[in-house]
Amino acid sequence: MARLEIQNLVKRYGDFHAVRDVSLSIADGEFLVLLGPSGCGKTTTLRMVAGFIEPTAGHVLLGGQDVTQLPPWKRNAGMVFQSYALFPHLTVAQNVAFGLEMRKIPRADIGKRVEEVLALVRLDGYGGRLPRQLSGGQQQRVALARALAIRPDVLLLDEPLSNLDAKLRQEVRVEIRELQRQLGLTTVMVTHDQEEALTMADRLVVMSEGEVRQVGSQRDLYERPANRFVAGFVGRSTFLDGTIGTPGHFRTSGGLELKCTGDKTGPAVLSLRPERVEIGLVPLEGLDNRLSGTVEFVSYLGSLIDIHVRLSPADRLVVQIANREGGFSPDVGQPVHVGWPLSAGQVFTT
Ligand code: ATP
């Protein structure tokens, strides 16, 4: 049975739908990430699971038990907030003990558990300090220890790394993931950071406008995005607008005739991953779509180069190539040939 079950959750503020009908099933020990742009409803969803926001409709089941009506301290969920929300006048040990006291754990056990969990996050010996006497990374680990101390059925992380600098964030990512694996903890994390989501998750949920747009592995979302939103949000895509008259034939708004996959017809958008498009100075052989154009803009990204190619007055695409010694080095204004196999393009009807 799933450790955490979210059934048809809805949150409305007046007429505004912050979350519309979200259903998710999170397996025992799974690390699920809710990913989406600011305001898409991911934090509201997480807070409904934790019990800090009351849903307008729907249910939350933890370990098979319906906890929708229970207050946060009666749910066995440990939460780490973006701001850490440590109590400034309590010591590290008192902060970590807080959830245990709320749950009326015997005093003798509390001391032992606090020590254990501080050791787990490598903060042994820090119990007597106040939060302001700690670095940002250490405060983050206190917040994590506080959430773990209650031995939660599910760990809920709300942008837990966003207050850390870039280098520390990368380290803490790995630390959290290792700890989560070691403890076999069912975890739901919210982030708007794509790289963070892709590196940490077992499975990702992409949300926008209060709705789930797609659930899947990193590979699913990248290779088979379900819609234009996911294709644009996970990784990069060039979108060409156009129409499919007969299945397999895509005509761009600039009048280019292209081949595409699928059996759809009507107004559509063709999505292409920049690194799947080939580019050269001579016509490219053996590709389903072959076009010529002019280099309009070049952007050097260190190991990679983005080349923007004008194909028609209305059509432009981006090609990404590796920056290799003696490799293709385009100049603005240069005529070029581009091409891609059918499998590199994906069509979404609009
Ligand atoms: P972020 O990454 O910026 O935190 P998010 O995806 O977590 O974004 P939520 O915090 O879940 O977004 O908010 C979803 C929507 O609900 C937003 O448009 C927000 O303005 C709205 N919202 C949140 N809380 C309230 C409230 N108390 N009253 C009215 N609207 C709210």
Side-chain angles (χ1 to χ4, degrees), residues 1-72 74-82 147 152-160 162 180 185-194 196-198 200-218 220-222 224-234 348:
M1 192 212 299
R3 176 58 54 139
L4 170 64
E5 197 81 53
I6 298 173
Q7 296 177 340
N8 308 102
L9 269 191
V10 175
K11 183 64 193 179
R12 270 198 310 269
Y13 293 105
D15 290 343
F16 178 74
H17 271 80
V19 173
R20 310 166 181 260
D21 199 19
V22 167
S23 293
L24 294 166
S25 185
I26 298 106
D28 213 4
E30 185 175 27
F31 197 115
L32 187 86
V33 173
L34 304 184
L35 173 68
S38 183
C40 73
K42 46 196 194 302
T43 298
T44 306
T45 303
L46 197 77
R47 286 175 174 244
M48 286 194 281
V49 173
F52 294 110
I53 294 179
E54 191 185 344
T56 308
H59 294 271
V60 176
L61 276 71
L62 206 47
Q65 187 203 355
D66 191 332
V67 297
T68 319
Q69 300 304 324
L70 297 182
K74 293 207 169 151
R75 302 180 184 204
N76 206 21
M79 177 121 178
V80 177
F81 297 91
Q82 185 172 350
D153 281 327
V154 59
L155 178 65
L156 306 173
L157 306 171
D158 184 5
E159 306 251 6
S162 56
Q180 182 269 340
L185 260 177
T186 308
T187 303
V188 183
M189 183 176 90
V190 158
T191 183
H192 63 269
D193 182 326
Q194 199 193 117
E196 194 167 293
L198 294 174
M200 292 180 82
D202 287 322
R203 216 156 45 107
L204 298 112
V205 178
V206 181
M207 292 182 68
S208 81
E209 297 173 354
E211 286 182 68
V212 171
R213 300 290 175 201
Q214 191 169 358
V215 183
S217 67
Q218 287 81 338
D220 291 337
L221 299 182
Y222 194 77
R224 291 174 292 280
N227 45 59
R228 180 184 176 146
F229 178 79
V230 175
F233 194 73
V234 179
F348 305 111

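Below, all heavy atoms of this structure are taken into account, side chains as well, without hydrogens, waters or symmetry copies.
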**Study point:** Stepwise side-chain contact (heavy atoms from CB on, under 4.5 Å) check, I26 with R3
**Key:** CA-CA 6 Å; I26 298 106; R3 176 58 54 139; 5.8 Å; no
Exercise for review: Kindly determine whether M79 and V49 satisfy side-chain contact (heavy atoms from CB on, under 4.5 Å), including the steps that lead there.
Suggested key: CA-CA 10 Å; M79 177 121 178; V49 173; over 6 Å; no
Point to revise | side-chain contact (heavy atoms from CB on, under 4.5 Å) evaluation trace for D153 with T186 | key: CA-CA 7 Å; D153 281 327; T186 308; over 6 Å; no
Review point. Does the pair V60 and L4 meet the rule for a side-chain contact (heavy atoms from CB on, under 4.5 Å), with working shown?
Key: CA-CA 7 Å; V60 176; L4 170 64; 3.9 Å; yes
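Of all non-hydrogen atoms in G41 and V19, the two that sit nearest each other are O-CG2, 3.5 Å. Taking both residues in full, the closest heavy atoms of G78 and P152 are given as N-CB, 3.4 Å, listed atom of the first, atom of the second, then distance. Residues T187 and L185 share a closest heavy-atom pair of OG1-O, 3.0 Å. The minimum heavy-atom distance between Y13 and I53, with the atom names listed, is OH-CD1, 3.9 Å.
Put simply, CG on L155 and CD on Q180 are 8.0 Å apart, with the number rounded to the nearest 0.5 Å. Rounded to the nearest 0.5 Å, atoms CG (N8) and CD1 (I6) are 11.0 Å apart. A distance of 10.0 Å separates OG1 of T43 from NE2 of H192, quoted to the nearest 0.5 Å. One distance of note links OG1 of T68 with CG of L9; it measures 7.5 Å at 0.5 Å rounding. For the atom pair E5 CD and D66 CG, the distance stands at 11.0 Å (nearest 0.5 Å). Between the CG atom of L24 and the OG1 atom of T45 there is a distance of 8.0 Å, given to the nearest 0.5 Å.
The side chain to side chain contact (heavy atoms under 4.5 Å, CB included) check on Q218 picks up L198, A201, L204, with sequence neighbours excluded. A search for ring pair (Phe, Tyr, Trp, His ring centres under 6.0 Å) contacts involving F229 returns F233, not counting sequence neighbours. Applying the salt bridge (Lys or Arg N to Asp or Glu O under 4.0 Å) rule to R203 yields the partners E30; only residues at least two apart in sequence or on another chain are considered. Under the salt bridge (Lys or Arg N to Asp or Glu O under 4.0 Å) criterion, D220 pairs with R224, not counting sequence neighbours. Applying the side chain to side chain contact (heavy atoms under 4.5 Å, CB included) rule to P225 yields the partners Q214, V230, A231, R273, Q346, F348; only residues at least two apart in sequence or on another chain are considered. Legend: residues meeting side chain to side chain donor-acceptor pair (under 3.5 Å) with N76, ordered by chain and number and at least two apart, are absent. When the side chain to side chain contact (heavy atoms under 4.5 Å, CB included) test is applied to H17, the partners found at least two apart in sequence or on another chain are V10, R12, R20. With sequence neighbours left out, the side chain to side chain donor-acceptor pair (under 3.5 Å) criterion links Q82 to S162. Residues that satisfy the ring pair (Phe, Tyr, Trp, His ring centres under 6.0 Å) test with F52, not counting sequence neighbours, are F81. Every residue two or more places apart in sequence or in another chain that forms a salt bridge (Lys or Arg N to Asp or Glu O under 4.0 Å) with R213 is listed here: E209. Partners of E196 by salt bridge (Lys or Arg N to Asp or Glu O under 4.0 Å), not counting sequence neighbours: none found.
R75 places a side-chain N or O within 3.5 Å of a backbone atom of L70 that can act as its donor or acceptor partner. At least one donor-acceptor pair under 3.5 Å links the side chain of K42 to the backbone N or O of G36.
Among residue pairs with one or both ends in residues 25-50, none qualify as ring-ring contact (aromatic ring centres under 6.0 Å, His included); sequence neighbours excluded.
Side-chain polar atoms of D193 and T191 form no donor-acceptor pair below 3.5 angstrom.
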